[in-house]
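Single-structure report; data block below.
The model shown is predicted, which means the values in this text are computed figures rather than measured ones. Heavy-atom basis, side chains included; hydrogens, waters and symmetry copies ignored. We name chains A, B, ... by the order of the sequence lines, and we start the count at 1 in each one.
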Amino acid sequence: MSVLGDEKTRVVVTGATGRQGSFHLGQMLEFGTRVVAGVTPGRQGQEVSGVPVYDTVETAVEKHGANAAVVFVPGTLAKDSVMECIDAGVPLVVVISEHVPLHDAMVINAFAAERGTTIVGPNTYGLCAPSARCKIGIPPNSIFQSGPVGVVARSGTLSYELVGSLTDAGLGQTTVVGMGGDRVAGLNFIDMLKRFERDPETEVVVLIGEIGGTAEEEAAEYIKGMSKPVIAYLAGKSAPPGKRMGHAGAIIERGRGTFESKVSALTAGGAKVAQLPWEVAPLVKGALKA
Amino acid sequence: MSVLGDEKTRVVVTGATGRQGSFHLGQMLEFGTRVVAGVTPGRQGQEVSGVPVYDTVETAVEKHGANAAVVFVPGTLAKDSVMECIDAGVPLVVVISEHVPLHDAMVINAFAAERGTTIVGPNTYGLCAPSARCKIGIPPNSIFQSGPVGVVARSGTLSYELVGSLTDAGLGQTTVVGMGGDRVAGLNFIDMLKRFERDPETEVVVLIGEIGGTAEEEAAEYIKGMSKPVIAYLAGKSAPPGKRMGHAGAIIERGRGTFESKVSALTAGGAKVAQLPWEVAPLVKGALKA
Amino acid sequence: MKLYEYMAKGVLAESGVPIPRGRLCRTPEEAAAACRDLGPVAVKAQVLVGGRGKAGGIKVADTPQAAEAAARQILGMDLKGYTVGSVYCEQKLSISQEIYLSLTFDPSAKRPMLIASASGGMAIEEVPEKAIIKRGIPVAWGLQPYMAYQVARRIGLGATLAREFSDIATKLYRAFVRLDAELVEINPLAVVDGHIMAADARLNVDDDAMARHGDLPKTDEATPLEAKVRALGLAFVQLDGDIAVMANGAGITMATLDVMQHYGGKPMNFLDAGGGSATGPTAEALAILVSTRPKAVLVNIFGGITRCDDVARAIVQVRQNQPAAKDVPLVVRLVGTNEAEGHAILRGAGIDAFRSMQQAAERVVALAGEGLAGAEAARGDTEGDLAG
Amino acid sequence: MKLYEYMAKGVLAESGVPIPRGRLCRTPEEAAAACRDLGPVAVKAQVLVGGRGKAGGIKVADTPQAAEAAARQILGMDLKGYTVGSVYCEQKLSISQEIYLSLTFDPSAKRPMLIASASGGMAIEEVPEKAIIKRGIPVAWGLQPYMAYQVARRIGLGATLAREFSDIATKLYRAFVRLDAELVEINPLAVVDGHIMAADARLNVDDDAMARHGDLPKTDEATPLEAKVRALGLAFVQLDGDIAVMANGAGITMATLDVMQHYGGKPMNFLDAGGGSATGPTAEALAILVSTRPKAVLVNIFGGITRCDDVARAIVQVRQNQPAAKDVPLVVRLVGTNEAEGHAILRGAGIDAFRSMQQAAERVVALAGEGLAGAEAARGDTEGDLAG
């Protein structure tokens with residue numbers, strides 16, 4: 001089982017005819033994801049990898065019962081596309097788009113909250129539920145394997161690295177989710193931890209965080225009450241304050257969001273924090289045995 | 001019993017130290033309304049007719065458990081005052097203010113809908129539940145009497161005229177409510193008709209409409225399914241098209257909102273439409289006997 | 001407040017909506033000059049009423065001479081009661097499609113609404129309902145591009161035009177909110193050389209919001225008498241009858257006109273004296289009405305906050321201050337707070353006072369020498385229903 | 001993007017927030033002239049870093065001579081690594097109270113937030129938590145006057161000041177949204193003669209929204225090297241070590257720096273080559289890094305969309321095109337799509353290639369002659385974990 005995305009998930013891809021959208025639409029199909037439609041205004045009637053393209057999300061939902069969307073449009077257009085998905089009644093919207101303006105991200109989240117929509121991202125790689133053959137987003141297909149580990153992360157390639165190391169160690173995943181690297185994100189650590197805690201198939205949770213913000217500190221509070229073990233890894237130990245390390249959110253500002261603060265909060269919360277990336281898989285293995 | 005405002009209604013008056021606010025605060029107290037606080041920013045510590053004045057609605061709610069508000073501030077400031085009341089958790093806000101800008105009225109209503117607040121007005125005389133000795137607004141105290149007639153109106157003085165004629169004829173009221181004369185109003189005819197239909201003490205409903213808009217036509221649809229008799233009176237039979245007859249909403253525009261359209265809709269809906277104001281009381285009497 | 005077409009176009013241009021080139025002209029010579037600069041033009045009367053095309057208020061001119069002649073014809077022309085003071089000379093367009101687009105509000109849904117149709121160019125009331133798309137706009141979020149795009153596709157626009165339509169509609173929406181507009185209408189939104197532009201524009205600003213738009217140009221549709229009475233802060237509409245009417249409250253004023261008309265009287269005006277307690281403006285307004293020499297005057301006051309004795313004193317004063325008022329029959333219906341005192345004051349000054357709206361209406365119609373009930377009601381004089 | 005104080009003040013003034021009179025000066029003579037016009041002034045260094053007061057970047061001058069001297073001292077001064085290019089001469093204020101006011105966003109609540117304190121004038125981090133009021137702002141409705149008024153009363157402002165505070169805060173909020181700001185901070189918001197004005201101002205605009213603010217003045221905090229690499233569209237931060245690092249993805253890049261530091265290496269930079277498939281900008285960035293003559297270079301690529309063979313070819317090309325690159329030790333960790341082909345290409349060009357991040361990190365530190373693990377890791381050369 002998975003906690004987000006399953007066999008019944010029918011995905012519509014917005015920005016489907018773009019370079020990124022069309023490539024990943026194909027990759028998702030290859031993984032087994034039920035991609036039912038693409039959307040690019042003005043391209044109705046075309047196909048991408050055999051999937052029909054429509055002008056509006058509304059039409060894609062009407063014709064194909066899409067119940068998840070993945071957004072590939074450029075950052076400044078993402079707000080419109082995401083709001084269109086929400087308004088069309090799509091309950092899960094994964095926003096791959098990078099450089100979504102901060103105020104747009106706030107509007108997206110407020111509109112989603114009003115309508116009860118789950119937003120993943122922006123600036124995320126998406127999510128993958130290996131046992132359901134449901135990948136919504138851009139991670140490489142090869143790294144996943146079905147198993148008992150739930151993974152939630154802020155960073156993309158670091159997730160690939162660590163999920164790859166889990167898979168290499170024979171540790172498959174229930175669901176892997178990227179929250180995205182932006183400062184204002186939809187689904188957060190706590191939302192996912194709650195889902196993993198409830199999910200009967202998830203036995204251990206891997207939390208991949210980084211410097212900046214207080215999401216990890218807030219997660220630590222929740223972890224205190226969890227019955228399942230949490231293994232954490234945090235990037236940015238060597239980052240100087242005041243510098244934005246690639247991700248909009250990865251910046252130590254005004255003394256908040258430091259590596260030390262996060263490690264001590266997570267440790268206090270009962271999570272085991274790996275010092276180096278390759279320590280994660282052994283810690284997970286240990287937790288599974290316990 | 002009453003359908004809006006009762007013995008437990010604890011009223012806060014905003015704009016309490018103004019000319020209108022202070023006068024009507026006193027009139028409400030005289031009627032028996034439980035006015036618990038006034039609000040005027042900067043006037044905390046003062047009293048109006050023995051009622052304490054505060055700076056913010058929040059404080060008035062905290063200190064006195066106010067659960068209804070009546071707003072007397074000038075039209076362009078009404079949005080802020082009403083939103084403050086809504087945000088403070090007041091479930092019923094009566095907006096006396098005239099000349100509230102149209103877009104402000106839309107914002108007020110949308111915010112109220114989000115929070116589940118009932119708005120009466122703007123540009124209304126308010127409401128009165130005679131048996132509960134609860135008057136929230138500005139109608140003269142003398143015209144009301146407790147009894148079985150529910151009254152809902154767009155116009156103020158026309159309500160006084162007709163309620164006065166009911167009282168003179170020995171026909172008391174359960175609740176009398178003014179929707180206000182503006183184009184975008186909170187509570188509408190249908191909302192009130194539903195409440196009257198459910199209310200065990202209301203036996204007949206009087207609907208006082210006027211030209212402009214389509215509120216009466218919409219009400220007529222609802223009346224079709226009502227078990228209680230509805231007597232209607234409509235003002236504006238002699239009004240020419242394109243002229244705004246005092247109320248912002250009282251204008252026949254683009255062929256819509258005519259007197260004839262409303263009369264025929266209401267008649268088709270099963271309401272009895274009085275041709276002249278003094279025919280209302282006899283028609284109510286007849287309906288009560290039937 | 002309605003803006004003239006040229007003002008509305010100025011707002012559109014500021015908001016980034018494409019408009020044809022054009023120039024406001026107040027003389028035929030200016031129109032000729034505009035045509036020299038712009039090439040062939042449409043010379044359009046600037047008035048605040050609709051239907052000017054059919055009424056001869058728009059003429060096409062291909063040469064400066066023709067533009068001058070057209071402007072000469074239109075300037076000063078009477079259009080539905082309004083004199084044309086200026087023309088807008090706008091480059092002649094070669095239009096391949098006419099679209100209708102407006103933003104207004106939906107009183108039932110309590111939110112703004114986008115209305116569009118592929119059948120532009122005609123009045124929206126004449127377009128069949130099924131050719132019109134209406135889209136409610138959430139107040140909190142405003143018109144988003146995707147919403148306008150969906151509408152554009154539903155009225156059958158192709159992909160490129162739909163994108164332009166969406167862009168224009170969202171810009172227009174921002175102006176609609178920013179300016180507290182009741183209505184922004186572009187009809188037609190014209191397709192010219194494969195692109196969309198606003199070939200006409202109406203923009204009505206909410207009167208109640210004018211205080212926050214001090215920078216907007218002012219226009220006024222009021223007649224001189226309307227302007228005079230409205231300046232007192234009262235709602236006033238001039239009608240075409242001959243009995244002056246004043247009441248307090250919009251609803252009761254309308255009902256008073258209705259009742260009077262029921263008895264055959266012809267109201268000269270709508271005047272809502274308001275529900276407040278101040279009698280100053282009310283008295284002034286009454287004085288103005290009386291000075292226009294109506295056949296009779298009916299005052300209908302339901303005293304709540306307004307005290308009947310104050311009203312009575314104000315009426316007596318108006319009659320005393322205005323010599324002309326002596327000859328104008330005055331009928332007063334007065335009920336409510338301090339009613340008895342009010343009636344006493346009026347009777348003392350020899351003015352008819354009633355408690356019954358019906359009798360007051362019948363009486364004023366009779367005094368004006370109008371209506372079927374005239375002869376009968378005149379007799380009501382002696383049995384005047386005096387206050388108790 | 002951060003705005004200079006004088007730019008931020010310009011935005012405030014446009015938005016209707018009261019600011020002291022002031023003028024931007026680029027020479028001591030201009031400062032003297034400003035003082036002649038404004039009277040006694042504060043001469044304030046215009047820099048994008050905080051704490052300029054303590055660092056001597058603000059001087060008060062009562063006479064034009066003093067202003068000239070102050071400007072002469074401040075202009076060209078080095079403030080935390082940035083050279084002062086201009087001063088803002090602002091009328092000297094007689095401040096009776098200093099308030100703190102800022103608008104920023106709350107990542108947890110996903111909405112804007114108003115922060116206020118009666119303890120203005122000091123950095124907000126130094127104000128005790130209980131003296132700070134934070135008020136979340138609903139995205140849909142924005143900051144309403146009553147919200148700001150409530151906050152003003154809670155920080156203890158009297159009725160008049162609270163109203164002014166509310167007015168300023170709501171105007172500021174509109175600017176905050178209109179300009180896509182991350183932060184607008186007024187510290188202090190000064191009480192002068194019983195009224196409030198903005199005595200200082202910071203305004204940071206969201207970089208991701210710059211496309212919609214083409215009219216804003218541009219500022220840049222980047223070092224010349226940062227500017228050069230960022231111009232390629234890549235995230236780059238200059239650090240103070242000597243091993244150049246490139247990886248794809250912000251998280252993995254941070255982790256790469258961490259791991260390298262763990263083994264005793266000192267990273268020269270953060271460079272996120274992105275997750276895309278294009279190798280052009282990546283190769284250019286690598287070439288720029290190499291040209292700065294680091295002690296060694298570490299490339300860490302996890303190939304998803306990025307194909308390892310493409311990356312390998314790009315690396316080989318950089319080495320071939322840059323004579324200088326030949327001498328700089330280059331360590332590559334490459335896994336993922338087309339991994340074997342990538343390793344083969346690199347080995348063919350004599351470049352170290354690893355599958356293990358650990359080994360690659362140890363190796364690059366050793367090659368740079370740094371760290372405790374240096375000697376040991378250098379031996380890793382022969383046992384390089386080649387792709388299978």
Select one option (side chain, backbone, both, neither) describing which atoms of [X] are under 4.5 Å from chain B's heavy atoms.
X         : answer
Pro138(C) : neither
Phe176(C) : both
Glu126(C) : neither
Leu271(C) : neither
Ala235(C) : side chain

NZ/NE/NH1/NH2 to OD/OE distance under 4.0 Å, Asp104(B) and Arg212(C):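 So Asp104(B) pairs with Arg212(C) through a salt bridge.
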Under 3.5 Å side-chain donor-acceptor pair for Ser159(B) and Tyr125(B):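 Ser159(B) vs Tyr125(B): donor-acceptor pair found between side chains.
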Distance-only donor-acceptor check, side chains Thr104(C) and Glu182(C), under 3.5 Å: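 Absent: no donor and acceptor within the cut-off.
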Chain C heavy atoms under 4.5 Å from [X]: which part of the residue, side chain, backbone, both or neither?
X         : result
Ala185(B) : backbone
Ala235(B) : both
Thr214(B) : side chain
Arg244(B) : both
Tyr233(B) : side chain
Glu210(B) : side chain
Leu102(B) : both
Leu234(B) : backbone

Heavy-atom pair of closest approach, residues Gly21(B) and Val13(B):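 Heavy-atom minimum between the residues: O-CG1, 4.3 Å.
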Mutual orientation of the aromatic rings belonging to Phe72(B) and His24(B) [parallel < 30°, tilted 30-60°, perpendicular > 60°]: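 Because their plane-to-plane angle is under 30°, the rings of Phe72(B) and His24(B) count as parallel.
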Ring centers of Tyr222(B), Phe189(B) separated by less than 6.0 Å: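 So the answer is no for these two rings.
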Glu339(C) side chain to Gly336(C) backbone, donor-acceptor under 3.5 Å: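 Judged by distance alone, yes, a pair lies under 3.5 Å.
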